[in-house]
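Notes for the one structure printed next.
Ligands are counted one by one from 1 in listed order, and the atoms in each one are counted from 1 as well. Computed from heavy atoms alone, side chains included, the values below leave out hydrogens, waters and symmetry copies. Quick note: residue numbers are just sequence positions, from 1.
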Amino acid sequence: MSEKLKVGILGATGMVGQRFVTLLENHPWFEVVTLAASAHSAGKTYEEAVGDRWKMETPMPEYAKHMVVVDGDNAEAVAGGVDFMFSAVNMPKDQIRAIEERYAKTETPVVSNNSAHRWTPDVPMVVPEINPEHFAVIEHQRKRLGTTRGFIAVKPNCSIQAYTPALAAWKEFEPHEVVVSTYQAISGAGKTFKDWPEMVGNIIPFISGEEAKSEKEPLKVFGHVDSERGEIVPFDGPLKITSQCIRVPVLNGHTATVFLNFGKKATKEELIDRLVNYTSQAAELGLPHAPKHFIQYLTEDDRPQVKLDVDYEGGMGVSIGRLREDSIFDWKFVGLAHNTLRGAAGGALECAEMLKALGYITKK
Ligand SMILES: N[C@@H](CC=O)C(=O)O
């Protein structure tokens with residue numbers, strides 16, 4: 001491997017930013033050279049800027065501690081020193097859309113964890129194992145932005161990652177009516193039990209905006225690139241998803257219970273076979289954060305469990321269990337994915353690795 005690509009993290013002090021800082025320690029392809037945050041943090045060392053708000057299970061990496069945080073609003077200056085940026089910025093959506101576009105227009109690719117650009121038609125929203133072909137829309141986005149190198153790519157919401165991989169694996173059986181309940185960890189809200197004590201022994205049956213994301217984002221992931229329109233057209237087949245999203249007293253790991261109907265009959269053996277033998281270009285390319293086996297199927301009645309299974313494949317794999325026939329729907333199952341690894345910074349990092357492997361992100 002030649003010289004590493006230089007990367008910056010926008011929104012480096014927040015929880016997702018901290019996850020990027022942690023995952024990027026000793027990364028074989030990428031080197032963090034810039035930590036950017038609000039003007040309030042600018043000029044402080046990363047250690048000072050984060051203070052007692054470090055929320056990772058592992059200590060702050062040494063490489064980051066003494067880096068001086070820069071003002072992320074100075075897009076042109078920050079972008080000058082990096083090959084690409086990760087965005088974990090937390091501000092109103094219109095401001096996020098604007099700042100990410102400003103970076104892209106400096107000819108700096110932006111790989112974002114944020115939802116602000118997920119429905120921008122020429123921005124690919126990618127799970128590398130499911131829809132990497134959507135990166136082809138970048139050439140159209142570049143025309144709109146007037147760039148040759150800069151673009152924005154995003155990953156979808158954490159809540160969809162526990163069931164959308166199974167729907168992808170079962171595509172040939174035409175899943176069409178899907179009822180999902182998600183049981184979402186508190187880290188999805190950027191919290192720990194220390195800063196959200198009301199969640200100890202509690203359930204909150206509301207997560208703002210989450211049900212719309214859970215129902216609609218899989219349709220964009222299953223969509224296709226329309227080259228004439230220069231955009232991603234969401235899947236317009238019979239797939240319909242309805243959901244309820246619930247916050248539960250778990251630190252990491254979003255569980256989903258799912259009922260579904262298929263257009264074509266399938267046996268249990270066929271369904272399990274398609275899960276465990278799911279292959280993808282991401283695994284073939286040997287990306288550093290691509291799981292070797294994307295989906296595991298657990299046969300025990302009491303799995304997947306957060307405590308036992310959330311770290312499957314370093315938190316980048318998906319665990320499915322309890323697949324059984326249902327008396328109203330065709331089938332039901334339970335899925336589990338790590339929300340801050342597979343579902344957030346890890347998913348964005350794997351997108352960046354794939355973008356590099358496919359030649360979309362290069363050295364400036
Ligand atoms: N919006 C999600 C974020 C994913 O982890 C949530 O609140 O859980």
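- Within the 4.5 Å cutoff, side-chain heavy atoms of Val82 are placed close to those of Val33.
- The six-membered or imidazole ring of His27 lies near that of His289, with a centre-to-centre distance under 6.0 Å.
- Remark: ligand 1 and Ala185 share no N or O pair separated by less than 3.5 Å (distance only, no angle test).
- Note that the NZ atom of Lys6 and the CD atom of Glu3 stand 5.0 Å from one another [nearest 0.5 Å].
- Ligand-side atoms of ligand 1 in range of His254: 4 (C), 5 (O), 8 (O), range being under 4.0 angstrom from any heavy atom.
- Counting only heavy atoms of the protein, atom 1 (N) of ligand 1 lies nearest to Glu210 OE1, 2.9 Å.
- Shown in contact with Ile207 at under 4.0 Å from a heavy atom are these atoms of ligand 1, numbered in order with element: 7 (O).
- Taking the ring centroids of Tyr163 and Phe333, they lie at or beyond the 6.0 Å cut-off.
- Closest heavy-atom approach to atom 8 (O) of ligand 1 among the candidates Lys213, Arg342, Gln184: Gln184.
- The salt bridge (charged side-chain N to carboxylate O under 4.0 Å, His left out) contacts involving residues 41-52 comprise nothing, where partners must be two or more places apart or lie in separate chains.
- At least one side-chain heavy atom of Lys55 sits under 4.5 Å from a side-chain heavy atom of Asp195.
- Contact atoms of ligand 1 toward Asn339: 5 (O) (distance under 4.0 Å to a heavy atom of the residue).
- Closest protein heavy atom to atom 3 (C) of ligand 1: Cys158 SG, 2.8 Å.
- Protein heavy atom closest to atom 7 (O) of ligand 1, with residue, atom name and distance, is Arg247 NH2, 2.6 Å.
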